[in-house]
Amino acid sequence: MSRLNFENELNDKQIQAVKTIEGPVLIIAGAGSGKTRVITFRIAYMLEQGIPQSAILALTFTNKAAREMEERVKELTRKKLQNLTVSTFHAFGVKILREDIDKLGYRNNFSIYDETDRNQLIKDCVRECGLSTENLDLYKIGQLFSNVKIGRYSWGDGANDEYERVYAEYQSCLKIYNAVDFDDLLTLPIQLFEEHPEVLERYRERYRYLMVDEFQDTSFTQYRIMRLLAERNVCVVGDDDQSIYSWRGANYENILTYEKDFPGMVEIKLEQNYRSTSTILEAANGVIANNTNRKEKNLWSGNKGGKPIEVFYPENESSEADFISAQIKTTMMKEDLKYDDFGVLIRANSMTRQLEESFLAENIPYRMSGGTSFFQRKEIKDIISYLRVIANTDDDVNLLRIINTPRRGIGKTSVEHITDVAKRKGCSVWEAMSSIRYAQDTLFEEKGRIDVDTFMTLIEYFRSEMLGKKGLSKKVRMLVDNIDYLSYLVTEYQKSEKAARWKFLNIESLIQGIETWENDPDNFDPTLFPYLNRISLITRDDGDDDAQKGKVNLMTIHASKGLEFPVVFIAGAEDGLIPHARSLEEGDGNVEEERRLFYVAITRARDKLYITSCRQRRKMQSVVECTPSPFLDEIPAHLVEYHEEDAVVETASEAADYFAKIKGKFA
């Protein structure tokens, strides 16, 4: 009799997936269908059937997923699992190479180069090949080398062939230095298996049962590793409708290849969703059915009915952000939810500023995932550091950040000397600079003293212009022009004019945000100190929050995969954002991936889904008219309600209800 309580824990299809352990198996696990539970029960069942831990290999994509899987199996089996291998593909590659890399001419104590190491080696190899290192795009060359290594690009295919010599030098140096890069952790095990069949045979004998999680996200290289190792008992788990990582090598067509490579494969579909209402699932099914290259499936839920999907067409991104903030606060009060019950999903990282501004204005705590918070971007922090120093010249941290940004001749040696003076005198860096500015300090050359004086004069001028005075946004623009920050960005990003322009537009967006704030009729003191106090709330330490309240989850759709929230907002559902303009330029296949991305966004919602689509949106310096995303038309019309502006508390009893809840919160 099985100790595992299948009947109470799993549905019929899940039990079939758990108990089918012999031969090739394909488990199509729809969104919210209990995939992780099935995988962990399956491993536990195999152990209960007497299969040794050492014979099982489970491969997944992140260390977090591997740890979670192992912990859950431990809980189910109540056993120590020293011999069970649950690993990422890359970590498994390291394990293979530690044992047998000597057969490829390396020593077993090899180093693994991270991106910084790799970039430095590429730079050295470029120099060694007699090419100029000026304006070198190391990221782009690194991507090229990676694509060559994993077989996505071959020399002779295009304009980058000038780097073929550099690639050969790079490969040669890696071997001389007894080092491998991240791609080698996948490609060298394949080389080892193909050139040394006895090594492959040893691994095949050891790992007689294979499982691969998130199979739709495997690359061609990862599939080859799996194919070489798997003889017969291999189970892959995935959902082609959630394949959203083609840009990093994922190939959802691996599911089709798997079917061809393993005839007699058993296919099991997990279609019962435990996450969302039937309304949300019907919407998701309606959208994804428009993709042609997919496995037919129909998610269903025991959670019948559900609230309609609410679509709102705000005037612009500012109205959109205010709508989302208002709905979060209203829903929290009406349904007694916490901040972390809300997910706000965006397609592009460029959309965060208005949302962050609105959350700030409404005192809504939030965390940003899958991108950088607008106020944490380097260019924004630089300008805000100038404002903080203008407000308080004794702010050493911010002063040291900007003292030579943009470069003004106050280099590392000068800064060390200034900070030494500050330590010696027990004063702020600004006061130390004052003493250098006016005193005859023999350790500080005349040119250095002039550079310090120029910087201090700049700060003093803007102090007189900004402190206690209105028109802050215009003066910030003057400051940005005065320090010639655009030229600094162009110099810093010589290899990418687009990146420099993008960062300068972020600064423009910051200034527009200040302008909106100071023009707010409810803002009675639109000056520098109140503005800095306001944005300090954004950058406060996470630890200050009441843990019970949590934070609203602001994230890119890519970062939301695998997560779920009672209430979800999909912001910016406009043509050009969802689907993204880039995907439209790159052909139909990419439109299907964008649709899969929208499907992933919809299926993050458990109870309620809001979708917003602006009528206008600011792009660059102009305001453009927007068209709603074509994907909105693919949601069955009977599931959608169109939101009316400014819903109010209608009745006295509803108002009394609100006050009772508010009193309860403070009790």
Side-chain angles (χ1 to χ4, degrees), residues 89-90 93-94 96-97 101 104-107 110-195 217-225 245-251 253-254 378 489-503 580 582-583 585-587 589-590 593:
F89 274 94
H90 286 87
V94 173
I96 294 167
L97 295 177
I101 198 170
L104 297 176
Y106 293 79
R107 297 183 301 284
F110 60 88
S111 303
I112 301 169
Y113 275 14
D114 62 15
E115 194 170 350
T116 307
D117 299 327
R118 183 183 73 166
N119 286 348
Q120 186 56 52
L121 182 56
I122 290 172
K123 207 171 188 177
D124 294 344
C125 292
V126 167
R127 206 176 281 117
E128 189 64 32
C129 290
L131 300 174
S132 169
T133 56
E134 200 177 334
N135 302 338
L136 205 60
D137 190 338
L138 291 170
Y139 174 79
K140 193 173 170 185
I141 298 170
Q143 287 298 101
L144 170 66
F145 285 9
S146 180
N147 284 331
V148 169
K149 202 167 273 199
I150 65 174
R152 291 178 83 193
Y153 179 90
S154 298
W155 299 116
D157 284 359
N160 293 306
D161 290 353
E162 61 182 303
Y163 290 112
E164 186 173 0
R165 241 174 358 113
V166 179
Y167 178 75
E169 180 69 20
Y170 171 77
Q171 288 293 86
S172 170
C173 286
L174 280 175
K175 202 150 191 182
I176 290 165
Y177 301 152
N178 197 42
V180 299
D181 62 21
F182 263 71
D183 292 310
D184 289 327
L185 300 179
L186 300 178
T187 57
L188 289 180
I190 292 171
Q191 186 185 339
L192 186 64
F193 289 161
E194 289 178 340
E195 293 179 6
D217 292 334
T218 51
S219 66
F220 176 64
T221 312
Q222 288 160 331
Y223 182 86
R224 282 179 70 197
I225 291 174
Y245 293 114
S246 67
W247 46 275
R248 67 180 191 202
N251 183 6
E253 291 183 346
N254 280 346
K378 182 190 180 299
L489 288 173
V490 169
T491 306
E492 287 292 293
Y493 297 92
Q494 290 177 16
K495 60 196 177 190
S496 175
E497 184 192 330
K498 190 177 172 186
R501 201 166 100 253
W502 172 250
K503 286 176 177 294
H580 204 281
R582 271 200 315 271
S583 71
E585 290 162 13
E586 292 169 7
N590 285 39
E593 175 148 335

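The model shown is predicted, which means the values in this text are computed figures rather than measured ones.
Here Lys378 pairs with Asp382, Tyr488 under the side chain to side chain donor-acceptor pair (under 3.5 Å) rule; sequence neighbours left out. The side chain to side chain donor-acceptor pair (under 3.5 Å) search around Glu194 returns Arg224, not counting sequence neighbours. Residues that satisfy the side-chain contact (heavy atoms from CB on, under 4.5 Å) test with Ala499, not counting sequence neighbours, are Tyr493, Ser496. Looking at residues two or more places apart in sequence or on another chain, you find a side chain to side chain donor-acceptor pair (under 3.5 Å) between Gln120 and Asp124. Judged as a salt bridge (Lys or Arg N to Asp or Glu O under 4.0 Å), and not counting sequence neighbours, Glu164 has no contacts. With sequence neighbours left out, Glu128 forms a side-chain contact (heavy atoms from CB on, under 4.5 Å) with Glu169. In this structure Gln494 satisfies the side-chain contact (heavy atoms from CB on, under 4.5 Å) test together with Asn135, Thr491, sequence neighbours excluded. Applying the side-chain contact (heavy atoms from CB on, under 4.5 Å) criterion to Asp117, with sequence neighbours excluded, gives Tyr113, Asp114. Residues satisfying the side chain to side chain donor-acceptor pair (under 3.5 Å) criterion with Glu253, sequence neighbours excluded, are absent altogether. In this structure Arg118 satisfies the salt bridge (Lys or Arg N to Asp or Glu O under 4.0 Å) test with no other residue, sequence neighbours excluded.
Within the 4.5 Å cutoff, the side chain of Thr218 has no heavy atoms near those of the Asn251 side chain. Within the 4.5 Å cutoff, side-chain heavy atoms of Phe110 are placed close to those of Ile101. Residues Leu186 and Ile190 are not in side-chain contact: their nearest non-hydrogen atoms beyond the backbone lie 4.5 Å or more apart.
Rounded to the nearest 0.5 angstrom, Asp183 CG and Ile150 CD1 are separated by 6.0 Å. Rounding to the nearest 0.5 Å places OG of Ser246 at 10.5 Å from CG of Asp217. Between Leu185 atom CG and His90 atom NE2 the span is 6.0 Å, to the nearest 0.5 Å. In this structure, CD on Glu162 lies 11.0 Å from SG on Cys129, to the nearest 0.5 angstrom.
Taking both residues in full, the closest heavy atoms of Leu121 and Cys173 are given as CD1-CB, 3.7 Å, listed atom of the first, atom of the second, then distance. In plain terms, the two heavy atoms of Asn254 and Ser219 that are nearest each other are ND2-O, 3.3 Å. In terms of heavy-atom proximity, Gln222 sits nearest to Phe89 at O-CE2, 3.6 Å. In plain terms, the two heavy atoms of Leu104 and Leu188 that are nearest each other are CD1-O, 3.7 Å.
With Asn178 contributing its side chain and Arg107 its backbone, the two residues share a donor-acceptor pair below 3.5 Å.
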*Between Ile96 and Phe193, is a side-chain contact (heavy atoms from CB on, under 4.5 Å) present by the stated rule, with each step listed?*
CA-CA 10 Å; Ile96 294 167; Phe193 289 161; 3.7 Å; yes
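Evaluation of the ring-ring contact (aromatic ring centres under 6.0 Å, His included) test over residues 118-151, restricted to residues two or more places apart or in two chains, returns Phe145-Tyr167, Phe145-Tyr170. Counting only residues at least two apart or on different chains, the salt bridge (charged side-chain N to carboxylate O under 4.0 Å, His left out) pairs with a member in residues 137-152 are Lys149-Asp181, Lys149-Asp184.
Atom CZ of Phe182 sits in a sparse spot, with 12 or fewer heavy atoms from other residues, nucleotides or ligands closer than 6.0 Å.
Paired with Tyr163 under the rule side chain to side chain contact (heavy atoms under 4.5 Å, CB included), one option of Leu144, Ile122, Val148 passes, and it is Leu144.
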